[in-house]
Each structure stands twice: as structure tokens, then as C-alpha cells.
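Notes follow the structure.
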Amino acid sequence: MPMCREGNMPNELTTKRLTLRTLRPSDAGLMTLYCGDPRVARMTAAIPHPYPPGTAEAFIEAVLAGRNTEEIWAMDATQIGSSELVGVVGFKPEKRKLGYWVGPPFWNTGMASEAVEAVVDYLLGKRRVPQITASVFTDNPASAQVLNKLGFEPGQVHQTFSVGRDGIVDTRDFTVTHQAAQKARAAKTIA
């Protein structure tokens, strides 16, 4: 269970292995590397493949300038001697929708679960967001497992356009409330 605490910035969070922080211009290289991997782009609705030059820089600049309405946390693992950027968690407040991706070198490490749990705890607890949704392509069981472990309940399947696949993909929505997240945490503590 991550020991989540707020860091120096209002939306900076710290877990056992990660600092969830604002993006930096220096993140562009690793973001380009990971988002340029077709395995990452295929599992998201918005990351294009091939990943155009300058896309990461433009995204980071828009986030830092406040032109992006999505709240973004960079997953930074330097506190354990690892990479400055291992992935990203985003939250769209107007839709109460969460999304995330992790670079392939960090798949199956638990870092996605750790980061998403910290952000969900922050949003449901401190920010008092009543409910959070997330969408996962049905052929991405690893991402669905991250959500299931955190108390997200699976919902209906619908179709979403994926820029990276240039096509329509079956997608399942997941939803979590504060009560469901706490129940999942309690079950994890007992196990």
C-alpha cells in the first residue's frame, strides 16, 4: 500500500517509490521514447503512432502554460535510483475521468498501480471528487487489473476511436467511489 503524502506542490504526491509531480521540459525525451512505442500508443485513445516530432514538447508546454484542462502527474522514480519519467497519470475534472500510461520498461513492476492509487486517494479523499471513471480497451487486461485492484467496478463496453490504431476499439468503462476504494484497500490490508 503506498504511503501517499502531499509534496511541496499542491498536487505533488509521494509514494514508496514514486514522486507524482508536474511535468518538466526535461521529460520530453523519455515521453517521446515511450509514447513512440507502438505498444503504448495502441493501448490509448489519444497517443498517435507514429508519434510526431515535437508532440511531447508541445504537450508539456501546454500543460505548464495552463492551456490543457487535464491535471497531469509525471511518475518520477528517481527517489529509488530509477528513471525521471516512467509514465503519466491524467485527470479530466470536468468529466471526472482518469487515464494513465507507463513506459514498457516499467510494465509489471506495480508502478502503475502505485501511481494510480495515490492519485485516486488524493482525488476521492482530499479533493472530495465523488466518483472517478476510467476507460480501458478490452484487449488490455493489465490496465483493467490495475483498476480492479483499486476498487473500480467494471461497466459497459462501448466503442472508442484510437488514434494510435487509427480505428475503433472495444472499450470498458470502470468507476470507483470513495467507499469502494476504501473497501478495496481494506481487503488488500487483510490479505
Side-chain angles (χ1 to χ4, degrees), residues 2-93 97-123 134-137 139-147 149-150 162-166 169:
M3 296 170 16
C4 177
R5 68 187 195 308
E6 283 192 74
N8 298 330
M9 301 172 26
N11 67 338
E12 184 176 288
L13 308 170
T14 304
T15 70
K16 183 177 178 182
R17 298 180 294 169
L18 299 170
T19 300
L20 301 164
R21 58 161 174 80
T22 300
L23 285 168
R24 302 176 185 145
S26 61
D27 293 327
L30 287 171
M31 183 177 282
T32 298
L33 175 68
Y34 300 143
C35 290
D37 189 313
R39 297 171 295 173
V40 173
R42 284 185 52 77
M43 294 303 168
T44 70
I47 297 175
H49 187 75
Y51 197 66
T55 301
E57 291 84 355
F59 178 75
I60 292 168
E61 197 275 322
V63 168
L64 295 177
R67 292 191 312 272
N68 184 328
T69 60
E70 190 172 5
E71 296 175 40
I72 303 292
W73 289 268
M75 297 179 205
D76 184 326
T78 55
Q79 69 184 22
I80 59 166
S82 191
S83 183
E84 183 178 348
L85 181 76
V86 300
V88 170
V89 180
F91 179 67
K92 296 179 180 176
K97 187 147 189 156
L98 185 82
Y100 55 93
W101 60 262
V102 176
F106 306 99
W107 289 355
N108 301 311
T109 64
M111 286 189 184
S113 295
E114 192 172 319
V116 172
E117 182 173 21
V119 171
V120 166
D121 286 352
Y122 168 73
L123 293 171
S135 298
V136 175
F137 294 158
D139 61 353
N140 187 355
S143 196
Q145 182 180 359
V146 166
L147 298 174
K149 285 191 298 188
L150 300 177
S162 168
V163 176
R165 296 184 191 197
D166 192 26
V169 183

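Hydrogens, waters and symmetry mates play no part in the numbers below; they use all other heavy atoms, side chains included. The model shown is predicted, which means the values in this text are computed figures rather than measured ones.
The minimum heavy-atom distance linking Met31 with Leu23 is given by the pair CE-CD2, 3.7 Å. Residues Pro104 and Arg39 come closest through the heavy atom pair CB-NH2, 3.3 Å. The shortest heavy-atom contact between Ala74 and Leu85 is CB-CD1, 3.7 Å. Nearest heavy-atom pair across Cys35 and Ala41 is O-CB, 4.2 Å. For His49 against Gly36, the heavy-atom pair with the smallest separation is CE1-O, 3.2 Å. Closest heavy-atom contact between Val102 and Ala112: CG2-CB, 3.6 Å.
Two residues are said to be in side-chain contact when any heavy atoms from C-beta on lie closer than 4.5 Å; Met111 and Ile80 meet this criterion. The closest side-chain heavy-atom distance from Phe91 to Tyr122 is not below 4.5 Å. Between Ile47 and Arg42 there is no side-chain heavy-atom pair separated by less than 4.5 Å. In this structure the side chain of Gln79 reaches within 4.5 angstrom of the side chain of Thr14, judged on heavy atoms. The shortest side-chain heavy-atom distance between Val88 and Met75 does not fall under the 4.5 Å cut-off. The shortest side-chain heavy-atom distance between Phe137 and Ser143 does not fall under the 4.5 Å cut-off. Between Tyr100 and Val146 there is a side-chain heavy-atom pair separated by less than 4.5 Å. In this structure, the side chains of Pro25 and Leu64 come closer than 4.5 Å at one or more pairs of heavy atoms.
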Show your working on side chain to side chain contact (heavy atoms under 4.5 Å, CB included) between Ile72 and Phe59 and close with a plain yes or no. CA-CA 11 Å; Ile72 303 292; Phe59 178 75; 3.8 Å; yes
Residues Tyr51, Val40; criterion side chain to side chain contact (heavy atoms under 4.5 Å, CB included); working and verdict: CA-CA 11 Å; Tyr51 197 66; Val40 173; over 6 Å; no
Determine, step by step, whether Arg67 and Glu61 satisfy the salt bridge (charged side-chain N to carboxylate O under 4.0 Å, His left out) criterion, reporting the C-alpha distance in whole Å, the side-chain angles of both residues, the deciding distance to 0.1 Å, and the verdict. CA-CA 9 Å; Arg67 292 191 312 272; Glu61 197 275 322; 2.3 Å; yes
Show, in sequence, the C-alpha distance, side-chain angles and deciding distance for Arg21 and Asp27, and conclude whether the side chain to side chain contact (heavy atoms under 4.5 Å, CB included) test is met. CA-CA 11 Å; Arg21 58 161 174 80; Asp27 293 327; 2.9 Å; yes
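Here the CD-CG distance, from Gln145 to Leu150, works out to 10.5 Å after rounding to the nearest 0.5 Å. Here the CZ-CG distance, from Phe106 to Leu18, works out to 10.0 Å after rounding to the nearest 0.5 Å. Atoms OG1 and CD1, on Thr32 and Ile60 in that order, are 7.5 Å from each other to the nearest 0.5 Å.
Thr78 places no side-chain N or O within 3.5 Å of a backbone atom of Ser83 that could act as its donor or acceptor partner. In this structure, Glu114 contributes its side chain and Thr15 its backbone to no donor-acceptor pair below 3.5 Å.
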